[in-house]
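Contents: one structure, followed by commentary.
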Amino acid sequence: MYEPLTEQNAVALAIRLGLFQEDALLSCQEIGDGNLNLVFRIVNERTNDSIIIKQALPYAKVVGESWPLTLKRATIESQALRTFASYVPQYVPKVYYSDETLAITVMEDLSHLQIARRGLIEGKTFPKLSEHIGEFVAKTAFYTSDFGMNQQQKKKLVQQFTNPELCKITEDLVFTDPFFDHDTNSFETELRADVERLWQDDELKREAAKLKRLFLTKADVLLHGDLHTGSIFASDDDTKVIDPEFAFYGPIGFDLGQFFANLLLNALSRHESEREPLFTHIEKTWDVFVRTFTTCWQESNEPYARVSFVLDDIVSDALVEAIGFAGCEVIRRTIGLAHVADLDELPLERRLEAKRHALRLGRELIVQREHLPIHAIKRLVEQTAHVNS
Ligand SMILES: Nc1ncnc2c1ncn2[C@@H]1O[C@H](COP(=O)(O)OP(=O)(O)O)[C@@H](O)[C@H]1O
Ligand SMILES: CSC[C@H]1O[C@H](OP(=O)(O)O)[C@H](O)[C@@H]1O
């Protein structure tokens, strides 16, 4: 029977599952700070061994019981972590156990690392972050695509990772609600004029509709589905991607776009002179993605893999998509339901300035996406710093 765990019965469960030695002295803390789930950290005080038990609630934690949400997301999450581990084990936590009924995933404790969003807010650079995320995205994308796996097997995976309820959240919160006067939106009253201008911008909305359609229809590769900097643990040497409960088969540029957007939001929270590490991360992620994907491509059995320019077309489409998706993510994290600490923790005047900049940048990323090489993103940030510039 499903029931939400407490710190006490999370410990009892760990003992019942034999996850610790019999003489273990266990302590437990619920450390979840995300929008959706419970996360318990259980430590054996004698040895310092530890595990994480993540449990889905039958509703979205950030809103409460009025927003019911499928428990199946826990199964999607553990299956996605296991699938990613078969291609890039170095970039995901080990999964020790999962249970569909209890909606739990028991996994490696990564507390020795730091959530990348928090570290970036503190000014850390995480020098390997882009290299690792570029490789993570390229390998998981290629090996789950029709170019990297048997077409029959891929169709089974598409079924396994059909994730309608979680996709609906993204369809609404990323691609729809922020572009309309919807009651899920949340923003400072001082931004109302800027937001109303955005709601009346039919050129922007037409392009956002195209991006939403791509998200709804293009079953290209297995995506993480929510690859923001709060879903990444990092240190100077290591990177681990967590929280793939939004995983599904979608357009290749989506994960890259979410990642770029969250780096950009951090850049906007900083003084201009301190933004360079974020632009370097964006350009390097793209560079590593292209190089890694190209190497994988050369091993493909697909006859078209040896036809000139097929790879170039896939890669250039991926960049156009990624930039457009990044624009949607920048806008929704500024005025939609789920914000980012990078901007929300700024004092009011700086926050308003950064959020206005984010809205202008998000718009231009979306409408100019077909004409922006990766190094032009930095220029676009500079060009959108002020109105009419
Ligand atoms: N494997 C892990 N090791 C250590 N801490 C973790 C781990 N997984 C999650 N956490 C902690 O729990 C928080 C919320 O986890 P997350 O998976 O993002 O939950 P949600 O799905 O609710 O967003 C993370 O920000 C992190 O602090
Ligand atoms: C009501 S869900 C809002 C938002 O939360 C998810 O992020 P996370 O689980 O990492 O906190 C996802 O980005 C959703 O769009």
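Quick caveat, the model's predicted, so the values are computed rather than measured. Order of listing sets the numbers, starting from 1, for every ligand and every atom in it. Index from 1, following the sequence. Worth knowing before you read on, the calculation uses all heavy atoms, side chains too, and leaves out hydrogens, waters and symmetry mates.
With no hydrogens or angles considered, a side-chain donor-acceptor pair links Ser50 and Asp109 at under 3.5 Å. Thr384 and His357 share a donor-acceptor pair across their side chains, judged by distance under 3.5 Å alone. Looking at Asn163 and Arg73, their side chains never bring a donor and an acceptor atom within 3.5 Å of each other.
Looking at Arg82, its side chain never comes within 3.5 Å of a backbone N or O of Val95 through a donor-acceptor pair.
Closer than 4.0 angstrom to ligand 2 sit non-hydrogen atoms from Gly34, Asn35, Leu36, Val62, Trp67, Ile169, Leu173, Asp226, His228, Asp243, Glu245, Phe246, Arg332, Arg333, Leu337, Ala338. Every protein residue with a heavy atom nearer than 4.0 Å to ligand 1 is included here: Ile31, Asp33, Gly34, Asn35, Leu36, Asn37, Val39, Ile52, Lys54, Met107, Glu108, Asp109, Leu110, Ser111, Ile115, Phe233, Ile242, Asp243, Glu245.
Residue Asp194 forms a side-chain hydrogen bond (donor to acceptor under 3.5 Å, both in side chains) with just one option from Arg360, Lys355, Arg356, and that option is Arg356.
Nearest heavy atom pair, residue Leu129 against residue Ala234, reads CD1-CB, 4.4 Å.
Side chains of Arg16 and Leu13 form a contact here, defined as non-hydrogen atoms less than 4.5 Å apart.
Applying the ring-ring contact (aromatic ring centres under 6.0 Å, His included) definition to pairs two or more places apart or across chains, those involving residues 149-184 are Phe175-Phe215, Phe175-Phe325.
Applying the salt bridge (charged side-chain N to carboxylate O under 4.0 Å, His left out) test to Arg206 and every residue at least two apart in sequence or in another chain returns nothing.
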